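Remarks on the structure that follows.
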2 protein chains.
Amino acid sequence: MSKKKEVTIYDIASALNISIATVSRALKNDPVVSKRTKKKIFDLAEKMGYRTNHFARNLRNQKTNTIGVIVHELNSNFITSVLAGIEKVTTEAGYDLIIAHSSESFIKEIANAKNLFHKRVDGLIASLSLDTKNLDHFKSFEEKNVPVIFFDRVEQEGKNTVVVIDNDKSGYQATQHLIQQGCRRIVHITSSLKRNVYSKRFKGYKDALADNGIPYDETLLIINDLSESAAIESAMKMLKMDPLPDGAFITNDFVAAVCMRTLKENNIRVPGDIAIVGFNNDAICTLIEPALSTINYPGIDVGEVAASNLINHLKGVGNMQNTNTIIIRSNLIIRKSSLKNESYSDKRKN
Amino acid sequence: MSKKKEVTIYDIASALNISIATVSRALKNDPVVSKRTKKKIFDLAEKMGYRTNHFARNLRNQKTNTIGVIVHELNSNFITSVLAGIEKVTTEAGYDLIIAHSSESFIKEIANAKNLFHKRVDGLIASLSLDTKNLDHFKSFEEKNVPVIFFDRVEQEGKNTVVVIDNDKSGYQATQHLIQQGCRRIVHITSSLKRNVYSKRFKGYKDALADNGIPYDETLLIINDLSESAAIESAMKMLKMDPLPDGAFITNDFVAAVCMRTLKENNIRVPGDIAIVGFNNDAICTLIEPALSTINYPGIDVGEVAASNLINHLKGVGNMQNTNTIIIRSNLIIRKSSLKNESYSDKRKN
DNA sequence: TTGATAAATGTAACCGTTTACATTTTTTTT
DNA sequence: AAAAAAAATGTAAACGGTTACATTTATCAA
């Protein structure tokens, strides 16, 4: 029942009557150790059930081999694909991951950052919470020269490397598409404009309107959080508009899905009465009815790029100084929810 | 640009002209240190930007303060709620989390287990992959007396603690409900019967049929994985059945949603022609149309219970020997997708 | 065979904590 | 004021690796 003593390099060394230095080198596959001794050591280590003590190693090496990740929410299709992308790259490179999430709270994000800082992650990948006010909590990383890469929700003024899509263009494309479908009163449902993703999509929305000679009407802008109740609220606001809007560009698929459901419950036809375009290309898009047009935002690519950039930096390959902004390709996916104009649809589909 | 040297207890000690032992004790808030010295030490530590070196501490303490988690999939509503539950409890107790996922592959699960074992997690929480053949890869934990708790997908014969719901009863309830709605040819779409969750739900399905005098028809059993393509295949199989089934108990909400879509695309009405009950109570349930009846499987509770049990065990409170199986409450949620019988629906709703 | 060179192995300091045990300082008792 | 007891602090040895530098052993040319 009692915990068996752990095997150390000392045990292996004394069993084979060699020095710990040789054992240590052999286990790291140092070419300086002869093949014969290496084999003996490997075999015995295996037989004795040796496992490296990462604490001893990290203590000596002064690095943790760990990368911290702060995301604003776990329960999101997009975020889990980003994490998958990060994980793929980091495990391949032999790094551990500590994943923290802020639940969209500034306070929690600060706590997460502090925690990861004290855990001494070698690098950090983060996406800001909705109500993050400033980036002071990342300063300590900067001071200790721990690289930080932001993705999705970022602050672009700083000198941090950021991985994003062209939110501006995406917003423009979504809106332009709705206009081409004949929409003239297009609602824009989004979240805090303090966050780059939303402000840029908003800019794209306004630019598309302007380019089509449609005046921007601020009563058509609805800002809310990303919860189900907020989504229902937003849909209710749309329903109260007079005249009714004929299109909606909603910057989150889940919110779009809930809105659509609420509108339908109130006998509004989609896309007949109101055409809808969402954002992210989550799995729900093709499960709801009508299928949701959206902007494809490939999380896995974002994660992979962010992680491999960070790791390259840690390894000293390439410097982050000259790559400040990395833009991942995104694109509009047209489905039934925005197709008022069948002839247009035919053109696109064939 | 160069990395500033880290502050250690030596630096604090020599700055205050006291011994490192006192500093170490003070920082752990040991009552043996006088209030005066403690204050001096805390203040200076803060001012110098001291942060504990967890490696040195763990090396000395011979524990990692880390809990490993192996899940079969990250991209799942249920799993992310379990993780949220685990995280809540573990961070409160000051433990770190390493999350690994097997992507339903036995090979990867073995690799994950080996990795976490080498990282020396203090405890492990795991759910088996679909094609896990045996539990040999967990033996090393047993040998070193590292506690392992399984949840959801478990192997009940062993002497491990497991956290589950009453899958048997849930399967029975789902099927019974369909029968009460008038269904007589009920398809059961599920996954590998090697996994307890599916075999037990299957047993519940059969028992409910038997109790209602409906003979079990093995052509109505469809076994598949949980992918979108598999779900479409399953729906196609249903469509080819002659006569058509009039109900379906599907052990996964996502699969159920895809099946429902496929059926509808083929002009089958739900619940009119085929009533459907899913499993898990994912967010999609109320977004698709008709809303999906399902078994509510509260992941967050599962995670919290598993984690707090593990931690209690690690702290020596309560022994895992006498608590082998923990059953979390689950319940049937009736929505439109299974309501053929309006009067019954009214009864339930009022 | 010898000396030079290369290859393999060994020695010992170090990474930053914790803690049993020893010592010093302060407080209390008589 | 001295002795005894309690409180505070200090000393030094772990914990298990890594690696600069030193030493030994093997290889090869002359």
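Scope of the values below: all heavy atoms of this structure, side chains included, with no hydrogens, waters or symmetry mates. Quick caveat, the model's predicted, so the values are computed rather than measured. Naming: A, B, ... by sequence-line order, numbering from 1 per chain.
- Rotation axes derived from the C1' atoms of the five outermost pairs at either end of the helix from C:dT1-D:dA30 to C:dT30-D:dA1 lie 40° apart, to the nearest 10°.
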Item to check | Working for ring-ring contact (aromatic ring centres under 6.0 Å, His included), residues A:F150 and A:F138 | outcome: CA-CA 11 Å; A:F150 291 95; A:F138 295 112; 5.0 Å; yes
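- For residues 17-33 of chain B, proximity to DNA chain C is found at B:I20, B:A21, B:S24, B:R25, B:K28, defined as any non-hydrogen atom under 4.0 angstrom from a strand atom.
- Residue B:N61 is classed as a sugar-phosphate contact, given heavy-atom separations below 4.0 Å to backbone atoms only.
- Here the P atom of nucleotide D:dT18 and the NE2 atom of A:H54 are 10 Å apart, to the nearest Å.
- Checked against the 6.0 Å centroid threshold, B:H54 and A:F55 do not count as a close aromatic pair.
- Heavy-atom nearest nucleotides on DNA chain D were determined for B:S34 and for B:Y10, and the one closer to the 5' end corresponds to B:S34.
- Between A:T161 and A:N324, the side chains place no donor N or O within less than 3.5 Å of an acceptor N or O (distance only, hydrogens not considered).
- Scanning both residues, A:L116 and A:I70, for their nearest heavy atoms gives CD1-CG1, 3.6 Å.
- Inspection of the A:S105 and A:S102 side chains reveals no N or O donor paired with an N or O acceptor under 3.5 Å.
- Closest of all the heavy-atom pairs between A:I79 and A:E73 is CG2-O, 3.1 Å.
- Distance CG (B:N53) to P (D:dG16): 16 Å, rounded to an integer number of Å.
- Where DNA chain C meets chain B (any atom under 4.0 Å from a heavy atom), the bounding nucleotides read 5' to 3' are C:dG16 to C:dA20.
- Atom CZ of A:F55 is separated from atom P of D:dT18 by 14 Å (rounded to the nearest Å).
- The NE2-P distance, from B:H118 to D:dG16, rounds to 15 Å in whole Å.
- Around the NZ atom of A:K114, the shell of radius 6.0 Å holds no more than 12 heavy atoms that belong to other residues, nucleotides or ligands.
- Protein atom NZ of B:K63 is 16 Å distant from nucleotide atom P of D:dG16, rounded to whole Å.
- A salt bridge links A:K39 with A:D43; the closest basic N to acidic carboxylate O contact falls under 4.0 Å.
- By the 4.0 Å N-to-carboxylate-O rule, B:E104 lies close enough to B:R153 to be salt-bridged with it.
- Closest approach of A:E109 and A:T132 over heavy atoms only: OE1-OG1, 2.9 Å.
- Between B:Q62 and the phosphate of D:dA14, there is no side-chain N or O to OP1/OP2 separation shorter than 4.0 Å.
- A donor and an acceptor atom, one from each side chain of B:K108 and B:N112, are nowhere located under 3.5 Å apart.
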